[in-house]
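Shown next, in structure tokens, is the structure this report addresses.
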Amino acid sequence: MRHYIYSLQSEKDLEKITDDIYEQDMLESATSVVLELFSAGKHKDILQRLSDFLIEKYPELPVEAVFVTTSPVREDDDVDKTTLVMMILENSEVTDIGSKKFRSVSEAKQDPLSGVYTRTEIERVFVKLVEEAGVLNSALVLLDIDKLDQINVSLGHDAGDYVIRKTADIIKQILRDSDVIGRWESEKFMILLRDVDAESTTSVAERIREKIETEDFADVKDVTASFGATLITPGLSCEEIFEKADRALAMAKENGRNRFEML
């Protein structure tokens, strides 16, 4: 195991870390990487940005092998000082370095209930697709589980959680590897479809809608979902594109639920 310690005071310090990793080929033969940030609250985004760099530049290193954790500033350090400790493991497990709980980056990006991306992570992908709108034809689909609040009230939150998990599983079964799904709110999912037009977007959404409608949800009867979609159009902001999909979703619910609408 190799240790590297960096003091973080400015943006240039992050650039130095990424330059060192890349130029010195630090990750050659690495099986896991652990990033531990000692901070009083500053530079909170550093772990996200650095783990994104590792995943992008080193695709041979599985995302499940990148771990992050934060710790308070150590007693012998200046309270204003932020320190990053990077541990590179070769042929050993993360548990070998102690009993401390390290969180896999893949876990950090995953909603614990549904197993799909968190809102923060799906939003990051959404922003990227909007930036690429002139190059790649994509679509935004919002899915809202109909009357989930009533399910929670009448059958309990365990039943509602079951519906959320199974709905996520259904969506994942139908989507392609290039498509992305995240949980936006309690009953709402965001789906991002790549390389599609209005017709193919409608086809995918209708397949999901029909599968949910006909699926057996055990003790929960008549589970359905409403959909609102829009193409990710060049020249429109993330806010404008989301607002169009959200309006389409509102139309689907106003028109009786268990429907797909697109603007």
Side-chain angles (χ1 to χ4, degrees), residues 45 48-49 51-53 55-57 59 63 105-106 108-111 113-146 148 164 167-213 224-263:
D45 66 334
Q48 179 71 62
R49 293 168 64 188
S51 59
D52 286 347
F53 167 82
I55 293 165
E56 178 183 354
K57 296 295 184 182
V63 63
V105 169
S106 61
K109 294 182 177 183
Q110 191 177 77
D111 174 59
L113 176 60
S114 63
V116 301
Y117 274 160
T118 62
R119 175 167 177 161
T120 298
E121 188 59 25
I122 192 68
E123 190 169 19
R124 281 164 33 81
V125 179
F126 175 44
V127 169
K128 185 175 181 181
L129 284 184
V130 172
E131 292 172 349
E132 299 173 347
V135 179
L136 184 68
N137 296 322
S138 303
L140 165 63
V141 181
L142 298 178
L143 179 160
D144 193 279
I145 301 172
D146 294 327
L148 183 64
I164 290 171
T167 298
D169 288 342
I170 290 171
I171 299 169
K172 288 187 288 186
Q173 289 170 14
I174 293 175
L175 294 184
R176 303 163 300 173
D177 290 342
S178 59
D179 302 324
V180 187
I181 172 179
R183 189 175 174 205
W184 191 256
E185 293 174 351
S186 175
E187 72 285 356
K188 183 181 289 186
F189 291 91
M190 174 182 280
I191 302 168
L192 297 169
L193 305 176
R194 291 184 168 97
D195 192 24
V196 291
D197 55 17
E199 183 178 354
S200 53
T201 298
T202 301
S203 175
V204 172
E206 283 291 357
R207 286 174 60 203
I208 297 172
R209 186 193 64 78
E210 291 170 3
K211 179 65 174 174
I212 293 172
E213 182 183 22
T224 60
S226 300
F227 297 75
T230 190
L231 296 179
I232 296 178
T233 308
L236 294 182
S237 67
C238 293
E239 292 76 12
E240 291 169 325
I241 293 169
F242 183 87
E243 192 269 339
K244 285 181 66 177
D246 208 33
R247 279 195 288 120
L249 176 61
M251 289 171 54
K253 296 167 76 171
E254 291 167 3
N255 290 332
R257 297 188 173 90
N258 190 26
R259 292 175 56 90
F260 170 81
E261 299 285 352
M262 188 169 187
L263 290 175

>> Could you go through D197 and N137, starting from their C-alpha distance and side-chain angles, then the distance that decides it, and tell me whether this counts as side chain to side chain contact (heavy atoms under 4.5 Å, CB included)?
In response: CA-CA 7 Å; D197 55 17; N137 296 322; over 6 Å; no
> Given E185 and R119, is the side chain to side chain contact (heavy atoms under 4.5 Å, CB included) satisfied, shown in steps?
Replying inline: CA-CA 8 Å; E185 293 174 351; R119 175 167 177 161; 3.9 Å; yes
>> V204 vs V196, test: side chain to side chain contact (heavy atoms under 4.5 Å, CB included). Steps then yes/no.
In response: CA-CA 10 Å; V204 172; V196 291; 5.7 Å; no
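A salt bridge is absent between K244 and E240: the closest approach of a Lys/Arg side-chain nitrogen to an acidic carboxylate oxygen does not fall below 4.0 angstrom. Salt-bridge formation is detected for the pair K188/D246: a Lys NZ or Arg NE/NH1/NH2 atom is positioned less than 4.0 Å from an Asp or Glu carboxylate oxygen. A salt bridge is defined here as a Lys NZ or Arg NE, NH1 or NH2 lying under 4.0 Å from an Asp or Glu carboxylate O, and E206 with R209 meets this definition.
Proximity of a side-chain donor or acceptor of D179 to a complementary backbone N or O of I191 within less than 3.5 Å is not detected. The backbone N or O of R194 sits less than 3.5 Å from a side-chain atom of R176, completing a donor-acceptor pair.
Each of F126, F242, F189 was compared with W184 under the ring-ring contact (aromatic ring centres under 6.0 Å, His included) criterion, and only F242 meets it.
Note: L142 CG to L249 CG = 6.0 Å, rounded to the nearest 0.5 Å. One finds the CD atom of Q173 at 10.5 Å from the CZ atom of R207 (value rounded to the nearest 0.5 Å). With rounding to the nearest 0.5 angstrom, the OG1 atom of T167 is 11.0 Å from the CD atom of E187. To the nearest 0.5 Å, atom CG of residue D146 and atom CD1 of residue I212 are 9.0 Å apart. To the nearest 0.5 Å, atom CZ of residue R259 and atom CE of residue M251 are 8.0 Å apart. Taking NZ of K211 as the reference point, atom CD1 of I171 lies at 13.0 Å (rounded to 0.5 Å).
Other residues, nucleotides and ligands place no more than 12 heavy atoms under 6.0 Å from the CG atom of D195. Counting non-hydrogen atoms of neighbouring residues, nucleotides and ligands closer than 6.0 angstrom, the CD atom of E199 reaches no more than 12 such neighbours. In the displayed structure, K128 atom NZ is contacted under 6.0 Å by at most 12 heavy atoms of other residues, nucleotides or ligands.
Nearest heavy atom pair, residue I208 against residue L143, reads CG2-CD1, 3.9 Å. The two residues L140 and I232 have their closest heavy-atom pair at N-CG1, 4.0 Å. Counting all heavy atoms, side chain and backbone alike, I241 lies closest to L231 at CG2-O, 4.5 Å. Across all non-hydrogen atoms, the minimal contact from A229 to F260 is CB-CE1, 3.6 Å. L263 and A248 make their closest contact through CD1-N, 3.7 Å (heavy atoms, listed as atom of the first residue, atom of the second, distance).
A donor and an acceptor atom, one from each side chain of D144 and S226, are nowhere located under 3.5 Å apart.
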